[in-house]
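The model shown is predicted, which means the values in this text are computed figures rather than measured ones. Order of the sequence lines sets the chain letters (A, B, ...), proteins ahead of strands, with each chain counted from 1.
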Amino acid sequence: MSGTILTLFNGLSLGSILLLIALGLAVTFGLMKVINMAHGELIMIGAYVTYVIQSLFLKYVPESFFDLYFLLSIPIAFLIAAGFGILLEVSLIRFLYKRPLDSLLATYGVGLMLQQLARSIFGAPNVGVQSPGFLNGGLTIGNLVLPYSRIFILSLSILCLVAIFLYFYRTANGRRVRAVMQNRQMAECLGVQTRRVDLGTFAIGSGFAGIAGCALTLLGPIGPTIGTYYIIDAFMVVVVGGVGALIGAVVGAFGIGFFNTIFEFFTSATIGKVLVFMLIIAFLQWRPSGLVSSRSRALDE
Amino acid sequence: MISSQTVLESKKITVEFSGFKAISNLDFKVTNNKVHFLIGPNGAGKTTLLDVICGKTQVSQGKVVYMEDQNLVKLKDFKIVHIGISRKFQTPSIFQNLTVYDNLIIALKQDKGLWATITAKITKNQQKDIEEMLHLTGLIDEKDQQAGALSHGQKQWLEIAMVLLQDPGLVLLDEPIAGMSKDERMKTGEMIREIAKDRTVLIVEHDMDFVKEYADIVTVMHGGQLLCQGSMEEIQNDPRVREVYLGRKED
Amino acid sequence: MKVKPFYLFLLMVAFTTIIAACSGGNGASTPEEGSSGSTEGTSGSDDEDVIEVGILHSLSGTMAISETSVHDAELLAINEINANGGVLGKQIKPVIEDGASDWPTFAEKAKKLLQQDKVAAIFGGWTSASRKAMLPVVEESNGLLWYPVQYEGMESSPNIFYTGAAPNQQIVPAVDWLLENRGTKFYLLGSDYVFPRTANAAIKAQLEDAGADLVGEEYTPLGHTDYNTVIAKIKSEKPDVIFNTLNGDSNVAFFKQLKDAGITSEDITVLSVSVAEEEVRGIGADVIAGHLTSWNYYQTTETPENSEFVEAYKAAYGEDRVTADPIEAGYFGVYLWAAAVEKAGTTDVDAVKEAAKELEFQAPGGLVKVDGENQHVYKTVRIGEVQGDGQIKELWNSGEPVKPDPFLKGFDWASGLAESLGQ
Amino acid sequence: MGKIMNQSIFNKKNLLLLGFIVLLIAPLFLTDFRLNLLGKYLAFAILVIGLDLLWGYTGVLSLGHGIFFGIGAYAMGMYLKLEAAGTTKLPDFMAWSGVQELPFIWVPFQNPILAIILGIFIPVMIALLLGLLTFRNRINGVYFTILSQALVVVVVTLFVGQQGLTGGTNGLTSFNTIFGFLLASTTTQTVIYLITAAVLAMVYFASKVLINGRLGQVLIGIRDGENRLRFLGYDPAIFKTFIYALSAGIAGLAGMLFVLQVGIISPTMMGIIPSIEMVLWVALGGRGTLIGPVLGAILVNWAKTTFSESYPDIWLYFLGLMFVIVVVFLPDGLMGLFKKFQKRWSGLHDKQPNSTRVEKNYS
Amino acid sequence: MLELENLQVGYGESMVVRNIQLKVKESQVVCIMGRNGVGKTTLIKAIMGILLPKSGNILFKNDNITKKSPSHRARKGIGYVPQGREIFPKLTVYENLLIGLEASGGTKKNLIQEDIYEYFPILKEFKNRNGGDLSGGQQQQLAIARALVSNPSFLLLDEPTEGIQPNIVADIQRVIRDIKEKNKTSMILVEQNLDYAKSVADYIYVVDHGSIVYESSVDELKDEDVYRYLSV
């Protein structure tokens with residue numbers, strides 16, 4: 001019984017991590033159709049930002065406030081990753097909106113450079129980040145321990161989801177974004193500055209990669225190549241979920257999370273990974289354009 | 001009349017796009033060796049009807065029968081071509097990076113399977129056909145040019161030539177003279193007349209002068225349904241047509 | 001039609017490039033190559049005054065994380081030797097190559113160093129895969145490779161000196177020590193590749209021989225970062241000890257998540273054989289404190305040579321750097337080679353090999369001695385516990401250097417493992 | 001066309017021939033080591049021809065060609081490994097992985113002919129299967145690309161995980177002889193080099209013939225207007241699958257020649273990074289031309305060897321920058337640049353179609 | 001207010017709009033008539049900035065806006081009701097209206113004036129429905145309302161009554177007249193129905209094959225002349 005609950009929790013937890021890393025991508029890839037292979041490196045930037053802020057706290061801030069560094073890191077990681085996103089959009093992406101495959105290759109090149117940049121600045125070895133005290137340990141239910149860090153990431157991903165949702169569905173900017181994505185020309189004719197919308201949207205997608213990077217410092221390594229661990233998974237989530245729908249990313253993330261956990265529990269991590277991929281291919285046979293897809297005239301060609 | 005054999009017949013077809021009915025319950029007939037025009041206001045479902053016939057769009061219900069025995073609804077788009085229905089699209093969709101001549105070569109009526117394509121050699125007859133077509137469309141001087149470099153009108157003609165080289169029984173043309181100058185329109189019209197000598201041509205067109213000049217039969221669509229069908233004269237005198245399309249004359 | 005100068009141009013460019021590539025490369029075997037070397041401006045007949053050695057580690061790619069430091073240590077040793085007059089009165093000049101974390105590249109670069117640059121020896125490699133890639137090359141060209149990292153054993157090439165630990169100098173004693181001090185229920189966790197699988201095969205035989213329990217064995221793909229499920233499995237098996245052969249980044253994820261799951265070193269001890277001081281920093285000392293490692297050297301090892309070494313290393317590369325076992329093995333490997341060259345009076349490979357037999361050296365980690373038979377070295381085994389400051393405190397050591405036994409011939413339980421190799 | 005060309009000795013055909021002759025006599029003036037490197041570049045050049053057929057001509061971008069290359073290389077490696085182990089013994093890595101007898105999938109590779117056939121056949125079969133599943137369902141463009149990349153992850157994970165069968169991360173190395181000849185010997189290496197050059201020439205000319213025929217036009221049609229082509233009566237899925245499989249087979253062939261010269265194949269060579277780099281070679285040389293990617297592969301690899309020898313850091317920046325610049329600003333690669341020069345030089349006399357620039361649809 | 005000088009617009013090599021000279025005065029409603037496919041919509045798109053002219057100038061309020069982006073033009077006060085309505089199908093009716101406010105720079109909800117809802121009560125009722133779920137006529141009302149919320153000084157209406165049931169056509173007619181009188185908004189209206197055109201317009205141009213073939217003020221208009229170009 002507790003095993004089942006734990007597996008469920010683990011699936012949920014893995015799903016939430018996948019969701020967190022895929023959320024930004026669901027915006028840039030899903031809404032804007034830009035294949036940003038440097039998304040993983042934006043995650044890396046988020047992680048390094050957390051590391052830098054932690055180091056600053058260790059140096060300049062009294063120890064009793066140390067734990068606050070993490071809460072501070074989240075918005076800063078968002079802003080800095082978004083800043084990189086803006087840079088990337090202005091210098092590169094805007095030339096490539098109509099060439100998705102080319103955007104894939106060019107941003108891969110950017111990813112390579114960012115990795116090397118991280119290596120030049122922080123050195124090749126991983127750096128360590130000390131988790132904030134309030135995330136140590138876990139919630140004990142019977143003989144189950146649900147780690148606080150996992151619960152935190154789960155909550156964070158839900159929070160981010162809600163934030164993205166509110167942004168897109170409850171704010172003027174979000175409305176503009178949706179209008180532009182539905183009918184760019186008409187939006188432009190109504191006075192929406194589409195360039196600005198593109199830039200802003202890309203920045204937000206990038207910013208969420210930063211948050212993901214920040215959160216991942218709780219669980220994994222912080223090094224120049226960490227982005228490469230997550231990027232394919234993130235794309236899988238969006239592809240399975242269906243491009244263009246946030247809700248698809250949610251279902252995709254938790255779906256993959258659960259199946260991965262279950263497969264891994266009954267076989268091994270390696271076989272689990274292979275099985276999940278097979279499942280995805282099989283799934284795409286059934287629904288070539290993902291779980292949540294709308295058939296409309298415009299999408300046909 | 002001996003010649004009025006039914007080429008194409010749609011039976012109660014309905015096409016829906018996410019809830020919106022582009023065509024509803026349409027019955028429609030095309031008889032052979034005619035220049036058949038399809039007119040109607042924007043959004044009346046004309047292009048959608050062509051889409052259905054050539055297999056680009058799936059119907060929600062109903063069927064489309066070609067030559068009285070082929071149900072097109074069940075066929076894949078590229079197989080519909082094989083049984084003799086060819087289409088020209090609204091915006092010229094030729095292959096920009098191929099020469100005019102190469103565009104025509106791949107359009108030729110022939111086995112279009114993989115192996116046949118790999119081993120394909122152009123025959124004397126095919127060469128002759130292409131030359132003829134180049135003359136008909138006046139593209140003979142441009143035959144080695146990249147198609148992307150042609151003028152708009154030339155692109156339209158090239159596409160018409162590609163359609164014809166497939167030797168179809170039924171030709172679907174979607175606004176073939178859009179964006180053409182007066183001379184080009186005339187030339188196109190003559191071309192269409194030539195074509196219709198031994199095949200049926202179904203054309204979506206807005207230009208009424210053109211329709212008047214070249215139509216054997218005209219169908220008016222409105223709101224996804226058939227409004228009326230007949231000769232140009234009959235159409236012109238139909239009050240319903242005036243109401244929705246041509247504008248009312250004061251009583 | 002006119003002549004198409006364009007095609008001429010095109011092909012000319014293409015072929016001059018190719019030829020330039022090749023002949024340019026030929027030229028590179030002459031001394032102008034050594035941009036990164038430490039030769040002083042000796043003029044004229046360079047070949048007389050310098051001895052070139054290759055340094056071949058991954059400076060880019062995933063393995064750069066680990067290998068850069070070894071690369072640094074080897075250069076440090078070369079500089080020290082040069083400062084003391086060099087070898088045979090000549091300066092050592094390093095030719096640096098990047099293995100780029102890619103095994104075919106290691107093979108290619110080794111070939112270049114040996115055939116093109118004709119280096120006297122290569123110091124390099126980290127992963128077994130990189131060593132296996134270089135092995136046929138050094139054997140073919142009768143070169144010399146000094147390999148500085150502990151590995152799974154089952155190999156002994158006449159052209160390789162192994163200065164890292166053989167299994168019996170790290171894994172076997174660690175298992176013995178754990179059985180004695182921590183319990184008999186073992187869980188084996190490793191990355192899914194050669195070293196963990198081979199090491200675990202040996203451990204399983206050893207455990208069976210000792211009558212201990214193997215309660216679980218799990219492998220995760222390289223770069224795996226989610227250990228939730230694995231930890232759940234571990235918890236349900238309730239082992240006393242986890243014997244950890246995870247690689248690199250996975251360690252960070254595993255230890256962080258283990259701690260989050262509320263498992264401390266008091267509940268279950270994790271002993272790692274691929275986590276040294278450098279890796280501890282990436283994991284976070286607070287996360288891994290209390291868990292164990294098995295190596296031949298720690299930064300805290302108390303020998304006069306070590307305090308000098310640590311000081312020199314920090315002086316050269318920065319106060320915040322730490323030393324670790326492979327760094328030390330890379331460092332003293334250079335010294336061993338230099339000593340063998342001095343003894344042989346030449347850099348000729350066969351002569352150096354002969355001279356290196358039974359050669360002794362006071363390394364930072366204590367006395368090391370080359371085994372004449374399998375070209376591994378005698379080393380002292382040390383079990384240590386990670387401290388809160390990131391350093392490792394020695395809990396136990398073997399007292400004296402242990403004879404290397406890469407094929408575990410000295411252990412009855414391992415007979416099934418080694419014999420199939422017919423060595 | 002031919003008769004016009006023949007008027008000059010510097011026509012395209014002759015120059016290609018000249019290039020090939022230079023490759024043939026390269027053993028005379030290159031050291032063994034450099035010849036070996038050149039041989040490796042040529043193996044890559046073979047691979048990119050296939051990749052270019054798929055991407056440059058058909059517009060399908062695969063980021064998974066590393067696995068086809070790798071499988072070809074493994075097939076050859078398995079044969080070499082078995083020959084090195086002798087007839088009775090197991091390859092060394094199996095021994096320490098606890099494998100007792102030769103796994104059945106290794107058995108066919110005892111026969112060199114069978115090994116060579118399988119080295120091409122297995123990639124072809126995998127590509128056929130994946131191609132049919134995806135293209136039939138109109139999983140196109142970006143989706144296919146991402147799937148092909150995920151395939152890499154899975155195959156590499158499998159290869160690494162099945163250590164007893166594949167040698168794990170170590171891959172296959174320590175070969176000894178081929179057909180009884182010592183692999184390390186200069187003569188053997190020179191012969192293998194010459195075979196590689198010959199295979200490159202063959203693959204090049206075979207592809208040229210294919211591309212100049214009807215198939216080439218149809219492929220360009222798929223790239224520039226897949227839907228239009230459907231309405232000319234072609235089934236693009238079949239053609240795409242065919243080219244995908246063909247390029248996979250070519251990649252397998254290239255992999256075999258690679259392993260003979262480099263002496264090792266391991267999963268890193270099949271991974272995501274090499275798979276993407278291969279695409280860069282094509283892009284740099286010029287997609288949609290055959291000679292461009294060949295030059296691209298040779299050039300980039302040569303640059304990599306040279307630069308990375310002394311500047312490993314800068315190399316990665318350089319590589320990254322090259323991706324960006326080529327893709328964004330030189331979508332037609334070096335060949336595009338050359339064509340510009342060509343136009344300038346031959347000026348108005350040249351009766352090439354030179355009016356409006358025509359967009360190619362690679363996406 | 002708006003002036004077109006020698007405007008030429010086309011796709012690729014072909015010209016769809018040739019040499020058009022046209023003027024709209026302050027608070028004047030100009031109707032452009034002509035059969036399908038003669039270039040009316042192309043002309044409107046060029047005025048809005050969706051298509052860039054090959055040559056010629058577009059002057060708006062004495063500024064040359066020939067090269068300006070559509071959003072710039074919208075912000076300068078040109079409202080646009082396109083052919084085919086082009087409402088945002090997955091935005092609610094209310095959100096569609098809010099996007100309409102972009103041109104006036106404000107996005108505050110209270111900027112949507114009540115009179116919009118008075119013109120089109122149905123929009124208030126269906127405020128929270130998705131635009132795509134409305135019927136064609138309702139969508140047309142929404143498209144007009146969306147253009148009106150930002151109080152444009154100039155309105156482009158491309159066949160606002162096409163394919164719409166008669167009662168809504170009447171509604172729309174009433175609204176156009178009302179705006180003309182109350183707000184003094186200038187308009188270009190593309191229309192095929194002469195009666196309708198006469199009932200709202202001050203001045204009429206007839207276009208055929210991309211050129212203006214007839215123009216007249218409504219008062220002096222001779223129906224026969226128009227019908228010559230209009231009817232079949």
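- Judged by distance alone, the side chains of A:T270 and C:D192 do bring a donor and an acceptor atom under 3.5 Å apart.
- Counting heavy atoms from C-beta on, the side chains of A:R150 and C:D260 never come closer than 4.5 Å.
- Residues of residues 249-260 of chain A having a heavy atom under 4.5 Å from any heavy atom of chain C: none.
- Between chain A and the options C:S250, C:G282, C:S69, heavy-atom pairs under 4.5 Å are most frequent for C:G282.
- By number of non-hydrogen pairs under 4.5 angstrom with chain A, the leading residue of C:G284, C:A64, C:G262, C:A261 is C:A261.
- With a 4.5 angstrom heavy-atom cutoff, C:V230 touches chain A via backbone and side-chain atoms both.
- With a threshold of 4.5 angstrom between heavy atoms, A:I17 approaches chain C through side-chain atoms but not through N, CA, C or O.
- Side chains of C:D249 and A:Y229: a donor on one and an acceptor on the other come within 3.5 Å.
- Scanning both residues, A:S131 and C:D286, for their nearest heavy atoms gives N-OD2, 4.5 Å.
- Of the atoms belonging to A:Y51, not a single heavy atom falls under 4.5 Å from chain C.
- Chosen from A:T225, A:T7, A:V127, the residue pairing most often with chain C at heavy-atom distances under 4.5 Å is A:V127.
- Side-chain N or O atoms of C:Q257 include one that pairs as donor or acceptor with a backbone N or O of A:L219 at under 3.5 Å.
- The closest side-chain heavy-atom distance from A:N126 to C:E279 is not below 4.5 Å.
- For chain C, the nearby part of A:L135 is the backbone; its heavy atoms alone come within less than 4.5 Å.
- For the options A:G123, A:S149, A:S13, heavy-atom pairs under 4.5 Å to chain C are most numerous at A:S149.
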For a quick test of your reading: what N or O donor-acceptor pairs under 3.5 Å do the side chains of residues 57-64 of chain A make, sequence neighbours left out?
none

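- Using a 4.5 Å cut-off on side-chain heavy atoms (C-beta onward), A:V145 and C:K235 make contact.
- In this structure, the side chain of C:K256 engages the main chain of A:G220 through a donor-acceptor pair within 3.5 Å.
- Both the backbone and the side chain of C:T229 come within contact range of chain A, judged by heavy atoms closer than 4.5 Å.
- Applying the salt bridge (charged side-chain N to carboxylate O under 4.0 Å, His left out) criterion to C:R321, with sequence neighbours excluded, gives C:D72.
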Atom pairs and distances, donor-acceptor, side-chain atoms in residues 213-225 of chain C, under 3.5 Å, two or more places apart:
from, atom 1, to, atom 2, distance (Å)
C:E217, OE1, C:K204, NZ, 2.9
C:E217, OE2, C:K204, NZ, 3.2
C:E217, OE2, C:Y219, OH, 2.4
C:E218, OE1, C:K233, NZ, 3.4
C:E218, OE2, C:K233, NZ, 3.2
C:Y219, OH, C:N200, ND2, 3.1
C:T220, OG1, C:Y227, OH, 2.7
C:H224, NE2, C:D226, O, 2.8

